[in-house]
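Encoded as structure tokens, the structure appears first; notes follow it.
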Amino acid sequence: MTDARINLHADFTSVIHIALTALEASGTLPAGLPRSTVTCEPPRDPSHGDLSTNAAMVLAKPAGTNPRALAALLVAELEKEPRVVSAEIAGPGFINLRLTDDAWRGELALIAQSAADYGRSQMGGGKVVNVEYVSANPTGPMHMGHCRGAVVGDALADLLAYAGHKVIKEYYVNDAGAQVDVLARSVHMRYREALGETIEIPEGLYPGDYLVPVGQALAEEFGVTYKDAPEADWLILFRTRAVAAMMDMIRTDLATLGIHHDLFSSEAELQASGKVDAAEQYLRSHDLIYDGLLEAPKGKTLDDWEPVELPLFRSTKFGDDQDRPIKKSNGAWTYFGADLAYHFQKSQNADALVDIWGADHAGTVKRIKAAVAALTSAEGGTPKPFEVKLVQMVQLLRDGQPVKMSKRAGTFVTLSDVVAEVGKDVVRFTMLTRKPDAQMDFDFAKVIEASKDNPVFYVQYAHARICRNLKKGTDEGFMPSAENLGLLGEEELALVKLAAQFPRTVEAAAVAREPHRIAFFLHDLASAFHSYYNLGNDRPEKRFIVAHDSALTAARLFLAAQIGQVVRNGLALLGVEAAQEL
RNA sequence: GCGCCCGUAGCUCAGCAGGAUAGAGCACCAGAUUCCUAAUCUGGGGGCCAUGGGUUCGAAUCCCGUCGGGCGCACCA
């Protein structure tokens, strides 16, 4: 097993910890120095060395000495590590480590041995994380407003799984609110239309053509039965059929992006099962729900506002601005009331919860966090870990002009149109090459025109180049081999050093819940590869295939294969194809 | 009025839970192909990291104020 070494950087962090412990044990340093602030990471400037630690600087004060004196002590310890060639003190007290070339060659062999698992981490310890994302209302096809959260959520879920969690990908189907009644009425119009009536979709209903086939199917199945029937006769039936049709459409749309959820949870079923009542009773028994007067909304003046008594959840106890109603005055559950129970249900089947929401729902974060905290710690203990990750708005532009989207007006840009136009890989990579908590522009004209310049092709091209070279090598009788990795020099090992940061990048990205870091890492790795590759233009001895030197060629092809492996692993994490050729 | 997010090159964005002279792509200028589809590479110009304070050995990064942009502030979903 090589798992103890699977992350070189973590491994050397422990080497530093051991050195500190040795100095404490010998009485050279006072015992009990903190370790948490000690880092071990590659320096920005590679000329400083392979790894750098701030240990001397952050521990000088607690150790009662100065950074450079402490660094000198640590250097003496660190030089005992066989993989360390040199340990030097630099600047205000950095310790820069250089590792032996063999250590890096070993890392290269480790990539080959681990293959698709290189970078996989045990960090998550098998803890179950529920990631809920998309959860778009089932009232129409996916549009570009949903796209970013969908991609980010999916990539995050995969990232967490790769980092050692058990992940549940979940979609919450909001099939219980007023919007699905509107949907049902809209479908009823289409149903009448399918029966030959000339219709005009009234203001307030969904006018989209996508409901036409739903109406036709109902017309075929039920004929004129519900044509002139009162709404009460058909509403539930039509709603059920319409939601099912919308969810089929949404699943199809998501599939074009390579997104597949493990679990679709229905709000209507949740309510019907009595779980919402149970959650209410539970919170009431802990005095976290009471009947009280709802405050008027702040910052707005509503003409028809009247105070009304409703069952309120004490979210102010957990930092919210006001207590929130769980039921409406007509007795129906509010969205929040059902959502509260829904999160309770999720928390019972997972060790941690992550929700991916659009920034337009930011205002409800506090209350739902309050609800989870209340439900999972009402009887003591620590609340279940729960994060809401907000994905900022995507400003859609066409030739620099904002595109306004409205589902009710039927003016929206569908996800499937965009995917059909620029491709899944471009859409995914574009959404993942920026951090989620900043707004972004998505200009169709630019993305479509510039799709050739999209960074995703840059990364894929590196992979394709590697594949073609390996194939060419094979055709000419050269096989990649780890036999003579000693022939790889500084320029080749520089590539290995960069690739070796992949496991560390995976862990950091998982902890920060930032899949975009993988995308940037891949771009850097591809860039280093392309640079190296072009060395061969002027210096034929730097090519992967050096016809007269089969041992060197075998080692170089081995290097190429492993760089390709890391690129493949990274792209797989992002759900982007690693094409063999472009 | 209140809450959350953002402000880094002309443009689009990174900056790894504070670290060593601030990075990439696009655009602009000048160059480079007998392993490989140049979908690539090399070099150049271009920044008071919005702004004012604070914290400390050290701040683009953390804290507070100000300015600017976005989102939200229903028994909606």
Side-chain angles (χ1 to χ4, degrees), chain A residues 37 39 41-45 48 52 54 57-58 60-61 66-67 90-94 96 137 139 174 176-180 267 294 296-300 302 305 308 310 320-322 324-330 332-337 339 358-366 390 392-393 395 433-441 443 446 450 452-455 457-458 460-462 464-469 471-473 476 501 504-505 508-509 511-512 514 516-517 519-521 523-524 526-527 529-538 540 542-547 553 556 581-582:
Chain A
T37 52
T39 61
E41 43 192 39
R44 271 190 196 156
D45 184 347
H48 289 146
S52 178
N54 63 352
M57 290 184 291
V58 296
K61 187 178 275 186
N66 71 70
F94 290 102
N96 292 328
N137 281 339
T139 53
N174 299 133
Q179 81 284 356
V180 283
E267 182 184 1
L294 184 63
K298 299 195 166 71
K300 273 188 181 180
L302 294 183
W305 179 262
V308 56
L310 291 170
D320 199 0
D321 307 325
Q322 56 178 268
R324 305 291 176 175
I326 61 161
K327 273 186 183 170
K328 309 180 203 175
S329 46
N330 68 4
W333 296 106
T334 61
Y335 181 85
F336 172 64
D339 204 27
D360 51 343
H361 289 75
T364 62
V365 171
K366 279 183 181 172
L390 292 177
Q392 290 294 322
M393 299 286 101
Q395 162 97 309
T433 41
R434 49 214 75 202
K435 57 173 185 256
D437 42 11
Q439 294 156 235
M440 68 177 281
D441 291 345
D443 190 320
K446 272 190 192 165
K452 274 192 175 171
D453 291 331
N454 193 292
F457 292 110
Y458 184 84
Q460 288 180 319
Y461 183 45
R465 264 190 161 168
I466 288 166
C467 291
R468 291 184 68 93
N469 271 270
K471 182 172 186 310
K472 184 176 166 65
E476 296 178 12
Q501 291 190 44
R504 176 177 171 273
T505 304
V511 169
E514 289 183 345
H516 75 275
R517 293 190 194 187
F520 281 91
F521 169 80
H523 193 273
D524 288 348
S527 174
F529 175 80
H530 287 309
S531 287
Y532 177 81
Y533 193 87
N534 276 273
L535 289 178
N537 288 339
D538 294 334
K542 278 290 166 191
R543 292 176 184 175
F544 281 97
I545 296 170
V546 182
T553 299
R556 291 259 174 85
E581 48 187 51
L582 294 182

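These values consider heavy atoms only, across backbone and side chains, with no hydrogens, waters or symmetry-generated copies. Naming convention: chains lettered A, B, ... in sequence-line order (proteins, then strands); numbering from 1 in each chain.
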For RNA chain B, what is the dot-bracket line, given that a base pair needs Watson-Crick (N1 to N3, plus N6-O4 or O6-N4) or G-U wobble (N1-O2 and O6-N3) geometry with both distances under 3.5 Å, and | means paired with another strand?
(((((((..((((.....[...)))).(((((.......))))).....(((((..]....))))))))))))....
Would you please classify the geometry between the Y458(A) ring and the H530(A) ring as parallel, tilted or perpendicular, with 30° and 60° separating the classes?
perpendicular
What nucleic acid atoms does P540(A) come within less than 4.0 Å of, heavy atoms only: base, sugar-phosphate, or nothing?
nothing
Residues forming a salt bridge (charged side-chain N to carboxylate O under 4.0 Å, His left out) with K328(A), sequence neighbours excluded:
none
Using atom CG of N534(A) as one end and atom P of rC41(B) as the other, report the distance to the nearest whole Å.
7 Å
N469(A) has its side chain closest, among rU40(B), rC36(B), rU42(B), to rC36(B)
In chain order, what residues pass the side-chain hydrogen bond (donor to acceptor under 3.5 Å, both in side chains) check against T553(A), with sequence neighbours excluded?
none
Compute both the distance and the angle, then confirm whether R465(A) meets the cation-pi test with Y533(A): under 6.0 Å from the six-membered ring centre, within 45 degrees of the axis.
yes
Starting at the 5' end of RNA chain B and moving along, which residue's nearest nucleotide shows up first, P436(A) or N96(A)?
P436(A)
By a 5.5 angstrom centroid cut-off and a 30 degree plane limit, is there stacking between F94(A) and rA20(B)?
yes
Provide the distance between the two P atoms, one in rC2(B) and one in rU66(B), to the nearest whole Å.
9 Å
Check the chi torsion on rA17(B) and let me know: syn if it falls within 90° of 0, anti if not.
syn
